[in-house]
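Residue numbers start from 1 in every chain, and the chains themselves are labelled A, B, ... in the order their sequence lines are given, proteins ahead of strands. In this text the structure is predicted, and so the values were computed from the model without any measurement.
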Amino acid sequence: MAKRENTAQEGQPGFEAALKRLEELVARMESGELGLDDLIAAFEEGQKLVKQCSDKLSDVERRIEILVKDGSGAVSARPFDPDQP
Amino acid sequence: MTDAAIQPAGRHVYSVSELTRKVKLTLEEEVGRVWVEGEISNFRRQGSSGHCYFTLKDGAAQLAAVLFAGAQRGGAAQLADGMVIRACGDVTVYEARGQCQLVVRAIEAGGVGLLMARFEALKRRLQQEGLFDASRKRPLPLLPRHVGVVTSADGAAIHDLLTVLARRFPNLRVTLAPARVQGAGASAEIAAAIALLNGLLPDRPDVLIVGRGGGSLEDLWAFNEEEVVRAVAASAIPVISAVGHETDTTLCDFAADVRAPTPSAAAERVVGCKEDFERLLAGHGRAMRQALARRLDLLRQRCEAAASSRMLREPGRLTERRAQTLDNLELRLARAAAAASRGARQRVERSRLLVARAAALTPAGERVARLGRELERAAARRLERTRSALGGLERQLRALGPQAVLERGYSLTRTAGGALVRDAGQVAQGAVVRTQVASGSFESVVR
């Protein structure tokens, strides 16, 4: 029922999928079973994935909000600071 | 006695009322006030009177029970089907139905407290429904970008949670759907907040934390209410339940995808440390560069080995082939270098230098080969010259040697000890000497 995979922006694979693919590539490159062409292709793809994942780590701004209902029952989000109620 | 009873003459025939009354009096007298333990079923509270009717049962029998409104104290509000209780009451017969029943005066839970009995009953029921099945549990997202929280806006829980989250992942989005977490109406607010966060489209959180800080069993009770448990189970967003302390277990925990012992622990579970992710990615990048560098090293070594050995044997053909391979390598390296990050680029650049150095070996190899061939030719010429020079010397030596002198008619005379006789005084009378001539030798005695 739930759309669980954190897919999204610009049709790129989600962080989880990208990281999994990256781990596969590293394992294959380290196994020594790839020919030079495949090795270089894996390297290129891996470098792209590292960049993609790094970008995802910083693509969101810190934002702390609280949902509040107004008189008519409409819900809106407002900045929230737990130390200043 | 039996025989007498069935004698028509002596028999007494009761009316139903009479007999029922007799049974009732006997029961009330003989059994009277008792404690009885059993499980509640068919529980219903009469709306107008407030009296509660239910059945107490065990594996083999059941007993009707009534708890009149006037006898109800605190615990009665918690009564529900499935609870195992101990009831203190008077056994009697409800004459209108001829039914034996227990008029309950006081209740206590069987073994555990009443709340726990209610907890166990609801747990059993929801478990049978499959709400707690392991197959329903969903994995949490590895990198949530938006965390939804259901708890009180002014409790310690939200404070702890935000502190831990900020430490682990500074740039994270958090949305709090506030709800009272104890007292009347709390369970409805919690359930509504879970639904509210689920409805936050398109900006829905990736994961929810539902919980509160520690408290008494009664304080935590809202998280055992059926509506909260159902809201958690129905959430389209994976839920981490974090209620109270380590030792507290609620039905909300059972229904959630993940149970965390405390709200702070939930914050730890919900997202990894940003630095750990960064380290992991850097490690993968390094491993890839090393794998590539190792391969290039290997190729370079092969290149050098080929340049230094086979090159000497087949210089021309191999040079062409090698040059081609090197061109190829250069091309691939250029591609790799273009894709690489700065660090990788430096590394590949260095490898390219090394390969270029290996390439520089190619003309050198050719030169060595040429020199080798020249050296061999020079050596042969020198050998030839030496050989003819030796022939001349041999002839000269032969002309000067003793053999040539003997052949001209001279001879050599030696003492018995082998010394050449150059002085007549060397030999005494009677001594034996040996004389060598050009062909053969003979012995003589000196007179």
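- Contacts with chain B (heavy atom to heavy atom, under 4.5 Å) involve these residues of residues 22-30 of chain A, listed by number: L22(A), E23(A), V26(A), M29(A), E30(A).
- Taking 4.5 Å as the heavy-atom cut-off, the residues of residues 159-167 of chain B that approach chain A are H159(B), L162(B), A166(B), ordered by number.
- Few gaps surround CD on E33(A); more than 12 heavy atoms of other groups in view lie less than 6.0 Å from it.
- Heavy atoms of other residues, nucleotides or ligands lying less than 6.0 angstrom from CZ of R286(B) number 12 at most.
- Contact count against chain A (heavy-atom pairs under 4.5 Å) is highest for P170(B) among G285(B), P170(B), A282(B), G155(B).
- D154(B) contributes atom CG, which lies 9.0 Å from atom OG1 of T151(B) (distance to the nearest 0.5 angstrom).
- Annotation: side chain of F43(A) is in contact with side chain of R289(B) (closest heavy-atom distance under 4.5 Å).
- Contacts between L280(B) and chain A at a heavy-atom distance below 4.5 Å involve the side chain alone, from C-beta outward.
- Here the side chains of R145(B) and F169(B) are in contact, with some heavy-atom distance below 4.5 Å.
- The interface of residues 172-185 of chain B with chain A, defined by heavy-atom distances below 4.5 Å, comprises L172(B), R173(B), V174(B), T175(B), L176(B), A177(B), P178(B).
- Electrostatic pairing of K137(B) and D257(B) does not count as a salt bridge here, judged by no charged N lying under 4.0 Å from a carboxylate O.
- Closest approach of R168(B) and V271(B) over heavy atoms only: NE-O, 2.8 Å.
- Partners of A195(B) by side-chain contact (heavy atoms from CB on, under 4.5 Å), not counting sequence neighbours: none found.
- Residues L142(B) and E16(A) come closest through the heavy atom pair N-OE1, 3.2 Å.
- Using a 4.5 Å heavy-atom threshold, the side chains of R259(B) and R269(B) count as separate.
- Minimum heavy-atom separation, A153(B) to I66(A): CB-CD1, 3.9 Å.
- The minimum heavy-atom distance between L57(A) and K274(B), with the atom names listed, is O-CE, 3.4 Å.
- At a threshold of 4.0 Å, the pair D297(B)-R300(B) counts as salt-bridged, since one of the basic side-chain nitrogens sits closer than that to a carboxylate oxygen.
- For V60(A), the parts lying near chain B are the backbone and the side chain together; criterion is any non-hydrogen pair under 4.5 Å.
- Annotation for V228(B) and S187(B): closest pair CG2-O, 3.4 Å, computed over non-hydrogen atoms.
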